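Values below: every heavy atom of this structure, side chains too, minus hydrogens, waters and symmetry copies. Letters A, B, ... mirror the listed sequences (proteins, then strands); counts begin at 1. Because the structure is a prediction, the values reported are computed rather than measured.
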There are 2 protein chains.
Amino acid sequence: MGKDLIINSFKQITGFTDIELETVLKYFETKKIKKKSVLLHAGKVANEVYFIINGCIRLFCVKDGEELSTYFFTEKMFAGAYDSFISRKPSRHSIETLEDCQVLVLTYQALEELYAIFPKMNEFVRKSIEERFVILHDLFTSYILNGPEERYLNLQKERPDLLNRIPQHQIASFLGITPVSLSRIRNRLVKKP
Amino acid sequence: MGKDLIINSFKQITGFTDIELETVLKYFETKKIKKKSVLLHAGKVANEVYFIINGCIRLFCVKDGEELSTYFFTEKMFAGAYDSFISRKPSRHSIETLEDCQVLVLTYQALEELYAIFPKMNEFVRKSIEERFVILHDLFTSYILNGPEERYLNLQKERPDLLNRIPQHQIASFLGITPVSLSRIRNRLVKKP
DNA sequence: TCAATTTCTTAACTTTTGTTATCGTTTTTT
DNA sequence: AAAAAACGATAACAAAAGTTAAGAAATTGA
């Protein structure tokens, strides 16, 4: 069953007992979501995060009528517009599924209740977000340090699955470049080395 | 006294009592650091974070012999190479003071002890890092969404102090561009609007 | 299945940014 | 105070990325 995945995640990060975990899991709701479903429209406050059992979820902004992808979530990740979820302010990002998904939904209120019942949740979330922070910081650094081509190679190395399951123009915007530019980079790479 | 600053930070974020805070503060060491002191060399594991009472601290990487600034910390911020501090892996970044600084040093071990003594520290750090995460995510998003000129204007709006206390070529690398390019952007901006 | 849409590539051209170098100016260092 | 180093503006040229457009291939949906 899908809940195994999240149980393992919990166990790896913090010392919840099996009995505690049983209670914790009651605060998550299993949901199946069709491809191309919008989970959050920009401008709304994010009230949910999604632990992905399978499928792929995209975070994106609209700028000058164009959709720019800012992150891709896949299996075993908590997907969501964290910034809005945390700050309780309207999100600049929208969220949509790129594939049919099976997820565990955790609402803001459910999380608050979990904090109240299990203070240990603070440790769990602290460690989870520390992990995500390190990843995000790394990603951010690579936008300062590396050019588009290097960033593409990085992505290929760090998350090769993405390149096969996500349309190229969405990858391009995630890399901060245009689809045309990404096409040129790929062209260069097959020829040169 | 400088410790007022950190006490207020604590109080704003979590419900520590005055007596608890007195104990907590014993784990911080006050330090004065001269301008241009290197606090961490890339390749080492970061064992300290620094709450800045006054002064300015820079995070940077060296790439092809060039120093690229990836973040600037100022008053009331916890400065440090979080990714290394958290992951306990060698840091790709170095840290140095840009000005004479007065800081409160917290070592990794001291923090571990604080977690053990005050489980509430988990809540404090969770909320602190959530805040930093939101800021970092916003910054990251602006590298995908905005061009260099917009990013410069953003910086001018969000952290105007930086433009006056930090050399322009360091600002440039933080914006992901060359000093020459930043000079052009500034030139454009004074003429046009 | 077949038409419509989406996706990717390629090309020609424009704009922006990077590179290198020069030249005052300011700041450090001795 | 003088010498050295660092800093920022500018120019000229090269390289890279953006823009627009056209066309082939793949996907989607009816």
Visitor: To the nearest 10 degrees, what angle separates the axes at the start and end of the helix from C:dT1-D:dA30 to C:dT30-D:dA1, five pairs each?
Guide: 60°
Visitor: When you compare the side chains of B:H137 and A:T70, does any donor N or O come within less than 3.5 Å of an acceptor on the partner?
Guide: no
Visitor: With a 3.5 Å distance limit and no angle check, can you tell me whether B:R159 reaches the backbone of B:Q156 through a side-chain donor-acceptor pair?
Guide: no
Visitor: Please encode protein proximity along nucleotides 13-30 of chain D as a string of B, S and -, counting only heavy-atom distances under 4.0 Å.
Guide: ----SBBB-------S--
Visitor: Using a cut-off of less than 4.0 Å, is there contact between a side-chain N or O of B:N187 and OP1 or OP2 of D:dT10?
Guide: yes
Visitor: Rounding to a whole Å, what distance do you find between B:Y152:OH and D:dG8:C1'?
Guide: 12 Å
Visitor: Does a side-chain N or O from B:R186 land closer than 4.0 Å to OP1 or OP2 of D:dG8, or not?
Guide: no
Visitor: Check this for me, if you would: do B:K36 and B:E96 make a salt bridge, where the nitrogen-to-carboxylate-oxygen distance has to be below 4.0 angstrom?
Guide: no
Visitor: Output all residues satisfying side-chain hydrogen bond (donor to acceptor under 3.5 Å, both in side chains) with B:D18, sequence neighbours left out; order by chain, then residue number.
Guide: B:K11
Visitor: Ring centroids only, cut at 6.0 angstrom: are A:F10 and A:F16 within range, meaning strictly under it?
Guide: yes
Visitor: Just how far, in rounded Å, is P of C:dT7 from CD of A:Q168?
Guide: 11 Å
Visitor: Could you tell me the separation between the CG atom of A:N164 and the P atom of C:dT7, rounded to a whole number of Å?
Guide: 16 Å
Visitor: Check the distance between C:dT5's P and A:H169's NE2 and give it to me in whole angstrom.
Guide: 16 Å
Visitor: Expressed as a whole number of angstroms, how long is the span from A:N146:CG to C:dG18:P?
Guide: 14 Å
Visitor: Taking CD from A:E66 and P from C:dT6, how many angstroms apart are they, rounded to a whole number?
Guide: 14 Å
Visitor: Write down the distance between CZ (B:R165) and P (C:dT27), rounded to a whole number of angstrom.
Guide: 17 Å
Visitor: In whole angstrom, give the distance that lies between atom CG of B:D64 and atom P of C:dG18.
Guide: 14 Å
Visitor: Check each of B:R126, B:E123, B:K127 against A:N122 using the side chain to side chain donor-acceptor pair (under 3.5 Å) test, and report the only one that passes.
Guide: B:R126
Visitor: Any ion pair linking B:R165 and B:E75 (charged N to carboxylate O, less than 4.0 Å)?
Guide: yes
Visitor: Determine whether A:L139 and A:Y71 make a side-chain contact, defined as any pair of heavy atoms from C-beta on separated by less than 4.5 Å.
Guide: yes
Visitor: For B:Y143, does the six-membered ring have the charged nitrogen or CZ of B:R151 within the cation-pi criterion, i.e. under 6.0 angstrom from the centroid and within 45° of the normal?
Guide: yes
